[in-house]
Enquirer: 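Have a look at this one before I ask anything.
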Amino acid sequence: MSGLQLLLRQLRREAEGIVSYEFVSAGDAPLPAFTAGAHIDLQLPGGLQRSYSLVNDPGDRHHYVIAVDRAADSRGGSAWMHSMPRPGDRLASSVPINDFPLYEDAPLSIFIAGGIGVTPFMAMAARLNTLGRAWRLHYAVRSRQRAAYVQELSTLDRSGTSVNLYCTSEDMGRPDIVAIVCDAPAGSHLYCCGPNGMLDTFTTACAGLAPQRVHLERFSASQEAATAGGYEVRLARSGKTLGVEAGKTLLDTLLDAGVPIQYACSQGVCGTCSTPVLEGTPDHRDDYLSNEEKAANQAIMVCCSGSLTPRLVLDI
Ligand code: FES
């Protein structure tokens with residue numbers, strides 16, 4: 001991970017279970033610029049890395065702001081973020097990376113967010129305001145108490161008509177994603193970030209649209225990781241061969257053997273652990289590669305995917 005040292009300036013409770021973190025540069029160098037939709041990979045104790053969208057206006061060059069939802073099933077990342085960091089702490093981070101870029105020339109950008117999935121759209125809305133471009137946000141939360149950034153969104157919503165909030169526990173319904181997609185004007189771009197059910201509905205609803213108009217970002221896996229084991233992996237560069245045992249992922253096996261491999265989400269959504277495949281057929285379980293890329297079998301996300309053949313050869 002090419003690195004930055006960030007200094008935590010402040011934490012703020014944004015909603016029930018959601019805390020934001022404002023980081024500034026820990027040294028004299030200014031923070032690298034970022035584009036709307038970008039995230040940073042924070043390095044947490046125990047070798048954990050977690051990806052968090054940058055929430056603030058990309059025009060604000062002096063800080064990075066992220067928000068973290070305390071996941072009920074946290075595997076360590078959000079639980080640590082909610083309990084340990086204090087103002088003045090330093091955290092290592094990647095430079096900003098953008099896998100969810102904003103198409104800035106669209107006449108209208110339509111955002112559909114579920115819960116903490118609103119975070120990249122905060123930066124996108126701010127950027128579009130700077131450009132004088134129109135946007136709309138459909139924002140679904142379980143309850144008003146769980147709705148982060150409501151005040152900030154009303155400030156960003158200059159027309160007063162751009163934000164639709166849906167509290168699913170308060171009889172305010174859910175966004176009708178099929179209707180939103182059907183009603184999207186020609187040339188508009190559609191974006192979705194939220195839980196898997198929402199993303200699946202969005203993907204189905206957008207099936208008839210030109211793919212370049214459709215953008216989504218997952219923050220959790222849609223499939224279980226492959227842990228059946230029973231195959232071997234040969235590392236072409238070192239000549240090592242490792243057996244992948246039942247109950248372990250390929251990433252577990254590589255890390256146990258001391259193979260230095262970069263990873264972040266551990267869920268097949270970020271692409272950090274992408275590894276070239278030289279032989280064998282991966283059992284692709286990720287949400288990062290396209291169907292065409294999966295069919296080509298030239299890369300594997302080792303954090304979650306396994307093998308359909310008795311042997312895989314990787315270019316590491
Ligand atoms: S670590 Fe994110 S896809 Fe594997």
Enquirer: I need the S51 OG to D99 CG distance, nearest 0.5 Å.
Expert: 8.0 Å
Enquirer: About how many Å separate CE of M198 and SG of C193, when rounded to the nearest 0.5 Å?
Expert: 9.5 Å
Enquirer: Applying salt bridge (Lys or Arg N to Asp or Glu O under 4.0 Å), can you list everything that pairs with R133, at least two apart in sequence or on another chain?
Expert: none
Enquirer: Could I get the full list of side-chain hydrogen bond (donor to acceptor under 3.5 Å, both in side chains) partners for E245, not counting sequence neighbours?
Expert: none
Enquirer: Return the set of residues passing side-chain hydrogen bond (donor to acceptor under 3.5 Å, both in side chains) with D252 (not counting sequence neighbours), or none when no residue passes.
Expert: T249
Enquirer: Just by distance, with hydrogens left out, do N196 and R218 show a side-chain donor and acceptor under 3.5 Å apart?
Expert: yes
Enquirer: Between L250 and I300, is any pair of side-chain heavy atoms under 4.5 Å apart?
Expert: yes
Enquirer: Name all residues meeting the side chain to side chain contact (heavy atoms under 4.5 Å, CB included) criterion together with L209; count only those two or more places apart in sequence or in a different chain, and write none if there are none.
Expert: V181, L190, C206, R213, V214
Enquirer: Hey, could you give me each pair passing ring-ring contact (aromatic ring centres under 6.0 Å, His included) that has a residue in residues 3-52? Not counting sequence neighbours.
Expert: F34-Y64
Enquirer: Out of curiosity, does L11 fall in the hydrophobic cluster containing L44 (side-chain heavy atoms, cut-off under 4.5 Å, transitive links)?
Expert: yes
Enquirer: Look at the side-chain heavy atoms of Ile, Leu, Val, Met, Phe, Trp and Tyr, link any pair under 4.5 Å apart, and say whether I316 and M301 land in one connected group.
Expert: no
Enquirer: Can you list the residues that meet the side chain to side chain contact (heavy atoms under 4.5 Å, CB included) rule with T309, with sequence neighbours excluded?
Expert: T281, S307, L312
Enquirer: Would you confirm whether R311, through its side chain, and E232, through its main-chain N or O, come within 3.5 Å as a donor-acceptor pair?
Expert: no
Enquirer: Tell me, please, which residues at least two apart from S238 pass side chain to side chain contact (heavy atoms under 4.5 Å, CB included).
Expert: L235, K240
Enquirer: Quick check against the 3.5 Å criterion: does T119 have a side-chain atom that pairs as donor or acceptor with the backbone of I116?
Expert: yes
Enquirer: Mind jotting down which residue pairs meet the ring-ring contact (aromatic ring centres under 6.0 Å, His included) criterion with at least one end in residues 101-136? Sequence neighbours excluded, please.
Expert: F100-F121, Y103-H189, F111-F121, F111-Y191
Enquirer: Taking only residues two or more places apart in sequence or in another chain, which ones pass side-chain hydrogen bond (donor to acceptor under 3.5 Å, both in side chains) with T272?
Expert: none
Enquirer: For R12, what residues pass the salt bridge (Lys or Arg N to Asp or Glu O under 4.0 Å) criterion, not counting sequence neighbours?
Expert: E14, E152
Enquirer: According to side-chain hydrogen bond (donor to acceptor under 3.5 Å, both in side chains), who are the partners of E22, at least two apart in sequence or on a separate chain?
Expert: R9, Q10, H63
Enquirer: Going by atom types only, do H284 and N297 share a side-chain donor-acceptor pair under 3.5 Å?
Expert: yes
Enquirer: Using the test side chain to side chain contact (heavy atoms under 4.5 Å, CB included), find all partners of T161 that sit at least two apart in sequence or belong to another chain.
Expert: S159
